[in-house]
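Read through the structure below, which is laid out as structure tokens, and then see the notes.
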Amino acid sequence: QVQLVESGGGSVQAGGSLRLDCAASGRAFNSYTVGWFRQAPGKEREFVAAISWGGGTTYYADSVKGRFTISRDNAKNTVYLEMNSLKAEDTAVYYCAAKSVTFLGSEMRWDSYNTWGRGTQVTVSS
């Protein structure tokens with residue numbers, strides 16, 4: 001089964017940028033849709049973005065459209081989340097997750113994913 005490790009989080013001022021990486025190990029990484037979710041203290045886990053196994057289809061939450069870009073490099077077993085024009089409300093722990101392409105669940109729902117990383121903290125200050 002695929003295993004995921006996030007990196008690239010940190011502290012940045014509003015208007016700045018960060019790139020998050022989700023590195024995968026294990027078999028058949030390109031057989032998974034990969035999504036990014038985030039969770040702020042006291043709030044529910046929230047969908048951010050997702051990308052299909054072939055990289056040709058992407059999904060974004062309305063709150064990040066035009067600011068965040070998801071991409072993947074299957075040769076490197078890595079999915080990226082480029083975050084620009086960051087806002088204070090983007091502060092959260094960010095998780096990457098993998099969804100089997102054979103499971104017909106919504107890419108925007110956390111319970112469609114069966115493998116999760118441990119998360120990386122993103123803090124945006126005003």
Side-chain angles (χ1 to χ4, degrees):
Q1 187 176 13
V2 64
Q3 295 177 307
L4 307 174
V5 179
E6 304 94 335
S7 63
S11 181
V12 64
Q13 293 188 12
S17 299
L18 286 173
R19 190 187 76 175
L20 305 184
D21 300 348
C22 178
S25 61
R27 60 182 177 86
F29 178 65
N30 63 348
S31 296
Y32 292 84
T33 294
V34 175
W36 285 95
F37 293 77
R38 65 188 183 187
Q39 188 166 22
K43 296 185 178 180
E44 298 290 334
R45 188 170 300 183
E46 177 187 27
F47 171 78
V48 177
I51 188 166
S52 64
W53 66 270
T57 304
T58 56
Y59 311 83
Y60 295 96
D62 288 341
S63 60
V64 306
K65 285 181 180 178
R67 300 189 298 121
F68 291 11
T69 302
I70 189 170
S71 61
R72 70 188 297 166
D73 186 341
N74 288 342
K76 297 181 178 179
N77 287 347
T78 303
V79 171
Y80 306 97
L81 184 68
E82 189 75 38
M83 305 185 295
N84 300 312
S85 301
L86 284 163
K87 305 175 180 179
E89 53 262 42
D90 295 318
T91 296
V93 176
Y94 284 69
Y95 301 88
C96 65
K99 169 185 175 295
S100 173
V101 297
T102 64
F103 181 72
L104 300 179
S106 172
E107 287 79 5
M108 298 183 183
R109 291 183 58 86
W110 69 268
D111 55 359
S112 294
Y113 296 78
N114 60 345
T115 303
W116 293 81
R118 294 182 178 180
T120 185
Q121 177 70 47
V122 172
T123 302
V124 184
S125 59
S126 300

Could you report the tightest heavy-atom contact between [X] and [Y], atom names first, then the distance?
X	Y	result
Thr33	Glu107	CG2-CG, 3.8 Å
Ser85	Asp90	O-OD2, 4.5 Å
Val122	Gly9	CG2-CA, 4.2 Å
Phe103	Lys99	O-NZ, 2.6 Å
Ala14	Ser126	CB-CA, 4.3 Å
Thr115	Val2	CG2-O, 3.1 Å

Check: [Y] and [X] side chains under 4.5 Å, non-hydrogen atoms:
X	Y	value
Phe68	Leu86	yes
Arg19	Tyr80	yes
Glu89	Ser63	no
Met83	Val64	no
Arg72	Val34	yes
Trp36	Glu6	yes

Crowding at CD, Gln121 (>12 non-hydrogen neighbours, <6.0 Å): yes

Check: Ser112 side chain, Ser106 main-chain N or O, donor-acceptor pair, under 3.5 Å: yes

Polar side-chain atom of Tyr60 near backbone of Ile70 as donor-acceptor pair, under 3.5 Å: yes

Side-chain cluster (under 4.5 Å, hydrophobic types only) that Phe47 belongs to, other residues: Phe37, Tyr59, Val93, Tyr95, Met108, Trp110, Tyr113, Trp116

Distance, nearest 0.5 Å, that separates CG of Leu20 from CD of Glu82: 9.0 Å

CG on Leu18 to OG1 on Thr120, rounded to 0.5 Å: 9.0 Å

Salt-bridge contact Lys65-Asp62 (side-chain N to carboxylate O under 4.0 Å): yes

Verdict with supporting geometry, Arg38 and Thr91, side chain to side chain contact (heavy atoms under 4.5 Å, CB included): CA-CA 9 Å; Arg38 65 188 183 187; Thr91 296; over 6 Å; no

